[in-house]
Student: 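What follows is a single structure, and I will ask about it in a moment.
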Amino acid sequence: MTWLELIYPALKPWLFRLDAETAHSLTVKMMVISHKLGLLRSVGVSAAPVSCMGLTFPNRLGLAAGMDKSASAVDAWAALGLGHVEVGTLTPRPQPGNAKPRLFRLPEHKALINRMGFNNPGIISAVKRLEKRRSEAIVGVNIGKNFDTPNESAVNDYAFCLKAAYRTADYITVNISSPNTKGLRDLQAEDAVRHLLTTLKTQQALLQAEYGKRVPLLVKIAPDLNDLQIESLARVINEINLDGVIATNTTIDREVVAGHPLANEAGGLSGAPVRDKSTLILQAFRRLLKPSIPLVGVGGILDGRDASDKIQHGAELVQIYTGLVFRGPALIRESLAELSMK
Ligand SMILES: Cc1cc2nc3c(=O)[nH]c(=O)nc-3n(C[C@H](O)[C@H](O)[C@H](O)COP(=O)(O)O)c2cc1C
């Protein structure tokens, strides 16, 4: 058991008294320091490596995008036992994100609502930081567009980020599903997504030739898709042979938390309330996608059973975010133990 896992239950009430974003920055700073002091050691669950998209993942469990937006703690996350860390979302230019407060806890529902709005230091600076990483964990770079780039030229932002991250990333995720950048989710519409992903696939092939290394390209999708949208997205992904799909981002649906005083805060809802919605989308895509295209299951993993459920419903890999806030690093140990039984 790591030092952080031991103290998290005692620390949590103090952290929860702070505003959610302050608590988050403090925890990450503490993790980085603990790691430098050698206090974060692997959780002691041995897991079999998993081959996926031509990469070897140390285990099936990873950190979802948004927790380490600036790639500042990759080695610390890996030391906690996570097999992959997805950094970002990163945009071409740095941007401050939306006005604070922009992150809210709904402890009664084991949920968060966020409208961060891609606050990030810009792809160039994050990639420089990533180049210095030491751990063996697989690193995904999640890319997006700047808030003031119109959708008509969004492809240029994604292409810029793909090029900037290609040499350093193990895989790259095209995020078109955050609810907090106006119009971003419209890029999931059939024609828009075909244009975007075809352009990026072509660029991926050129970069592969240039760097002599193939970096898989994934897309991250929303949980709020109707059947027609699911079918058209799956059609395009099959057509262009994308390397993988991450299901899902946060939801704009508030049905599960209706009546909560914070339910009407704008943004994406994550944690327990998005679990079933995400899993339904995961299942639908598993049914529609070619078997060769793997899925990453994310959304509402709060315990080991939730993690293995995602695998049961078609995911090759899983990711966690909100569960870590409510459960701390114990969730990593528990999930790895459960996943190693699969
Ligand atoms: C505060 C916060 C910020 C997030 N930022 C991003 C982001 O920048 N890019 C992204 O693709 N997903 C982002 N997400 C979504 C998560 O990666 C994940 O898809 C979602 O929260 C569902 O998983 P969970 O229920 O385990 O949190 C964010 C989530 C939260 C809670």
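Ligands are counted one by one from 1 in listed order, and the atoms in each one are counted from 1 as well.
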Student: Where is the tightest heavy-atom contact between Val318 and His84, given as atom of each residue plus distance?
Tutor: O-CE1, 3.6 Å

Student: Salt bridge (charged side-chain N to carboxylate O under 4.0 Å, His left out): which pairs involve residues 181-191, sequence neighbours left out?
Tutor: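 Only Arg185-Asp224, Glu190-Arg194, Glu190-Arg235, Asp191-Arg194 qualify under salt bridge (charged side-chain N to carboxylate O under 4.0 Å, His left out).
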
Student: Report all protein residues having a heavy-atom distance below 4.0 Å to some atom of ligand 1; order the list by chain, then number.
Tutor: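 Those residues closer than 4.0 Å to ligand 1 by some heavy atom are Ala64, Ala65, Gly66, Lys69, Gly88, Thr89, Leu103, Leu112, Asn114, Asn142, Asn175, Lys220, Thr248, Asn249, Thr250, Ser270, Gly271, Val274, Val298, Gly299, Gly300, Tyr321, Thr322.
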
Student: Before giving the answer on side chain to side chain contact (heavy atoms under 4.5 Å, CB included), spell out for Tyr158 and Val174 the whole-Å C-alpha distance, their side-chain angles and the decisive distance to 0.1 Å.
Tutor: CA-CA 7 Å; Tyr158 286 97; Val174 179; 3.7 Å; yes

Student: Considering only Ile, Leu, Val, Met, Phe, Trp and Tyr, and joining two whenever side-chain heavy atoms are under 4.5 Å apart, list the other residues clustered with Leu262.
Tutor: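 Cluster partners of Leu262: Phe104, Leu106, Ile113, Val257, Leu269.
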
Student: Over 60° means perpendicular and under 30° means parallel, so tell me whether Phe57 and Tyr171 are parallel, tilted or perpendicular.
Tutor: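 Rings of Phe57 and Tyr171: tilted, as their planes differ by 30° to 60°.
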
Student: Test of understanding: with ring pair (Phe, Tyr, Trp, His ring centres under 6.0 Å), list the residues that count as partners of His35, not counting sequence neighbours.
Tutor: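 Checked His35 against ring pair (Phe, Tyr, Trp, His ring centres under 6.0 Å); zero matches.
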
